[in-house]
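As the structure is a computational prediction, the values presented were derived from the model and not from experiment. Numbering of residues begins at 1 and proceeds along the displayed sequence.
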Amino acid sequence: MFLRNLRGMSIALGCSLLVMTGFSASAASWEEKQTGAGQAVLAASAQPLPTGAGTKAASDWKQPERPFDYASMKEDVVIQLNEDPRLQSPLRTVVGPAPQAYTLFFREEMDRGSVEAAIRKHAKEEAARAGLGFIEPGFAFHWANNRQLQVLVTLPEQKTSERDWTEYVLSAAGAKSAKGSVIGDSNAFHAVVLPPSQIWRISVDGKVREKLTDFSVMTDMEFLDREQRYVLQSRFTKYCECDARFPMLYSIYDMKTKQRTSYPVELTDNYRGEGVFFADRRGFFYAQPEKGTTVPNSDSVTRVQVQGYVHGASFSHDRKQLLMAVGRADQKKDLDLVVYDLGKGTEKRLPGAVKGWIPTSEFNGEVLPVSFHDDGRYATFAMRSEEAGFVEIRQRYDWKSGKVIDWNPPVPADSWSGYVQSTDGEYQMYWNAGLFKGNVQLMDTRGQGLWLPGTHRYLFSEWEKAAQEADLKQSLYLFDADTKQQSVLVSGLPAGLSLLGASVDGKWLYVITDRTLAP
């Protein structure tokens, strides 16, 4: 589906957006798997307590000692989130509302009482700051030894059933070591609590709504395959109310086995980088890992080696081949088109066939990967006519003839030509032009949506009338391109709901929301 080529543009049906960014992880070879419906596996066998668990139950919580290289420590203390040890202080990051387990590693043996008192003091002081959203959580302490403290943080009970946002701090600043030295204040762990979004499916008649996952923390998600089995998740690490861009943490969730596999490398559905990289036929790419970095094994992975720098690589419709725009690393226009057979390891190269300048983001000027949208008949792509302009040069690769030909969609030349189309290619929905059959416009609606597989029915959303913003709801509509009839599928949906995809048989819609979808 071409939805994955939106380069970060959310398929959100709502209007609220939280801007969160990440940081470079240090534990690059760490691998975590989750079992069940996305439930986090904490270290060893300790199970987290339910939110609001009693003091007595929390006091019984224990975990075995965790290995750590104390000799390499440069800071007085390192605070790690057990769910993902790559997230460590100093940091402000997103966590889920369930009880969170942390481990504090100290450079020296500590005065245990002073550490526990410092942690409680800082949390209490932050919670007392009016209007900032901080809370004072409950703490359960377990000392593995005098240099390692395990802490279970439990949120207090809330008066409302839905929690939108809150924050707490975990800090040992001011605590004393056994020798009397004082811990500095530079290594706090700030936890921003946000409700995790889950994947739901809704029957096309709108009568059945089923929750399919139970993820422990909020992530961005997209389906990688038409069968709606594999989900690419990207977890925002460092949180800020800004538009800064940092590396994130990536994982693949299998909807069939209910397992999540974390990757210590960046995953993308459209590769840009050196000519040696890996293509996983589940629908994603990653660069050659650095020495010492261990990547999970998979039978679906192929090592790709092509001469030159890859300015963009996409999978063919059947996932058996790659379409790549290749040139020198410093090249900015007129690239080679390479069609690479993943099974045979062979390539067909059309020199200079990808004509025009490499596109850049209209948002921040970032260089974008050249993307190919393949439907099995044609693979469409677009470049720019000028380096600093936005007028597109639009082309497509014809699989039958093996040649690149001009492509003339009914979209203004200076607008992005992105689209999604019906399974048979008869109808297209262009984000910047509307719904078309060939060059004939059928509907002027613009925005995000999808085609139900195997049909000519297009799904989109509209806002419902509301007295105030807090009451905003949305309805999903179906437009039948053959009859030009429009009907309401589901109404009263929450504003933050996002559209994820649809089942191959066209009977189910998949959505993402952090709310409960009442039947």
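- At a cut-off of 3.5 Å, with distance as the only test, no side-chain donor of Asn270 or Ser371 sits close to an acceptor on the other residue.
- When only modelled atom types and interatomic distance are considered, Ser216 and Glu83 share a side-chain donor-acceptor pair under 3.5 Å.
- Taking 4.0 Å as the cut-off between side-chain N and carboxylate O, Arg394 and Glu392 count as a salt-bridged pair.
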Worked verdict on Asp225 versus Arg319 for side chain to side chain contact (heavy atoms under 4.5 Å, CB included): CA-CA 9 Å; Asp225 58 319; Arg319 302 290 173 86; 4.3 Å; yes
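- Aromatic pair Tyr477/Trp463: centroids not less than 6.0 angstrom apart.
- In this structure, a donor-acceptor pair under 3.5 Å is absent between the side chains of Asp514 and Ser197.
- Shown here for Pro359 and Val370, the closest heavy-atom pair between the two residues is CD-CG2, 4.3 Å.
- Checked against a 6.0 Å centroid threshold, the rings of Tyr427 and Tyr458 do not count as neighbours.
- Under 3.5 Å, the side chains of Thr219 and Gln233 contain a donor-acceptor pair of N or O atoms.
- We find that Arg86 and Asp84 are joined by a salt bridge, their nearest charged nitrogen and carboxylate oxygen being less than 4.0 Å apart.
- Only one option out of Glu126, Glu136, Gln100 pairs with Tyr168 in a side-chain contact (heavy atoms from CB on, under 4.5 Å); it is Gln100.
- Nearest heavy atom pair, residue Ser300 against residue Asp280, reads OG-OD1, 2.6 Å.
- Judged by the 6.0 Å distance and 45° axis criteria, Arg282 is positioned over the aromatic ring of Tyr230.
- Salt bridge Lys473/Glu464: absent, no basic N to carboxylate O contact under 4.0 Å.
- Here the closest non-hydrogen pair linking Phe189 and Leu87 is CE1-O, 3.6 Å.
- Within the 4.5 Å cutoff, side-chain heavy atoms of Phe277 are placed close to those of Val310.
- The shortest heavy-atom contact between Thr455 and Ser422 is O-CB, 3.7 Å.
- The residues Glu125 and Lys121 are annotated as salt-bridged, a charged nitrogen and a carboxylate oxygen being separated by less than 4.0 angstrom.
- Summarising the geometry of Val411 relative to Tyr430, their closest heavy-atom pair is CG2-CD2, 3.5 Å, with the distance given to 0.1 Å.
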